[in-house]
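Below is one structure, written out as C-alpha cells; the observations come after it.
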Amino acid sequence: MKISKSMQDAISAQINAEFQSAYMYLGMAASLEEQNFPGMASWMKKQAEEEIAHGMKFFDFVFSRQGNISLPGLKQAKTGWKSPLEVFEAAYSHEQKVTRLINGLHDLAQKEKDHATRAFLQWYIQEQVEEEQHANDIVEKIKMIGKSVSGLLYLDKELGKRMAE
Ligand code: FEO
C-alpha cells in the first residue's frame, strides 16, 4: 500500500534529523581530534556513518512504498566542544531526543493504522535502546575516570577499537 503523505513527510523530517545527527557527531569528532583523542574521534566518525545509514534506510523504505521525500538543508554543526565528558553527555541527551522522534513516528503510524511503517520502525526502536545505552555507558566511564589522564588515554584506546556496525 502506498505510504500516506503525512507519514512520508514525517519520515522526510526524520531523514533530515538522521543526517543532522551525523553532522553533529562529525563536529564532535573534529573536537576530539583537536584534543588528541584519536580513538574517541574514530568512535564518533563511526557514529556519524551509522546515522547516515539510518537515514538511508528510511530513504529506501519511503521509495519501497511508492512515496517521495524532500531534503531541506542541514544546520551548521557545533565544533569546539570542550571535553570528552561534554561531548558524550551531549551525545546521550541527543540520543534520548532521537528516541522521542522515533516514538513520535510510531505514534503517527499507529494513528494511521499503517502496519507496514509500524513494523519497519521496530528496528529503530530497538536501535535507540542501544544508542542510548552506548552513549550513557561512556559518560559513566568518563565520570569514573575523573581527571586521570592515563584513564582517559586507556578509554580513548578502547573506543578506537569500535568497528562499523
Ligand atoms: Fe539514528 Fe543515533 O540514532
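For the numbers below, each heavy atom of this structure counts, side chains included, while hydrogens, waters and symmetry mates do not.
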Response to the item:
Distance col, row E89:CD vs I142:CD1, nearest 0.5 angstrom, shows 8.5 Å
Discussion item. Just verifying a value: how many Å separate L85 CG and K147 NZ, rounded to the nearest 0.5 Å?
Written reply: 9.0 Å
Discussion item. Please report the interatomic distance CD(Q47) to CD1(I52), rounded to the nearest 0.5 Å.
Written reply: 11.0 Å
Worksheet item: Atom OG in S21, atom CD in E95: separation rounded to 0.5 Å?
Response: 6.5 Å
Discussion item. For the CZ atom on F63, are there more than 12 heavy atoms of other groups (residues, nucleotides or ligands in this structure) within a distance under 6.0 Å?
Written reply: yes
Discussion item. Same cluster or not: L159 versus L152, using hydrophobic residues (I, L, V, M, F, W, Y) connected whenever any side-chain heavy atoms lie under 4.5 Å apart?
Written reply: yes
Discussion item. Under the side chain to side chain donor-acceptor pair (under 3.5 Å) test against T99, which residue among H94, Q128, E131 passes?
Written reply: Q128
Fill in: Parallel, tilted or perpendicular, as decided by the 30° and 60° cut-offs, for the rings of F61 and F120
parallel
Worksheet entry | W43 ring center within less than 6.0 Å of F37 ring center | no
Practice prompt. Drop me the distance from M24's CE to T79's OG1, to the nearest 0.5 angstrom.
Written response: 13.0 Å
Fill in: A13: side-chain contact (heavy atoms from CB on, under 4.5 Å) partners, not counting sequence neighbours
none
Worksheet item: Under a 4.0 Å N-O cut-off, is there an ion pair linking R100 with D107?
Response: no
Discussion item. Under 3.5 Å, is there a donor on one side chain and an acceptor on the other for Q126 and E130?
Written reply: no
Item to complete: Could you walk me through whether D9 and K5 pass salt bridge (Lys or Arg N to Asp or Glu O under 4.0 Å), step by step?
Response: CA-CA 6 Å; D9 289 350; K5 169 90 169 74; 2.6 Å; yes
Discussion item. Just checking E34: does its CD atom have more than 12 heavy atoms from other residues, nucleotides or ligands closer to it than 6.0 angstrom?
Written reply: no
Worksheet item: Cluster question for you: counting only ILVMFWY and a side-chain heavy-atom cut-off of under 4.5 Å, with indirect links fine, are V139 and Y154 together?
Response: no
Discussion item. Within the 3.5 Å criterion, strictly below it, is a donor on S6 or E112 matched to an acceptor on the partner's side chain?
Written reply: yes
Fill in: Residue F19 excluded, over 12 heavy atoms near CZ under 6.0 Å
yes
Fill in: K78 atom NZ: more than 12 heavy-atom contacts under 6.0 Å
yes
Discussion item. Rounded at 0.5 Å granularity, tell me how far CE in M7 sits from CD1 in I11.
Written reply: 4.5 Å
Worksheet entry | Heavy-atom side-chain proximity of I3 to D114 below 4.5 angstrom | yes
Worksheet item: Are F88 and Y92 close enough that their ring centres sit under 6.0 Å apart?
Response: no
Worksheet item: Do E50 and K45 sit within salt-bridge range, that is, some charged N less than 4.0 Å from a carboxylate O?
Response: no
Worksheet entry | Exceeds 12 heavy-atom contacts within 6.0 angstrom, atom CD of Q66 | yes
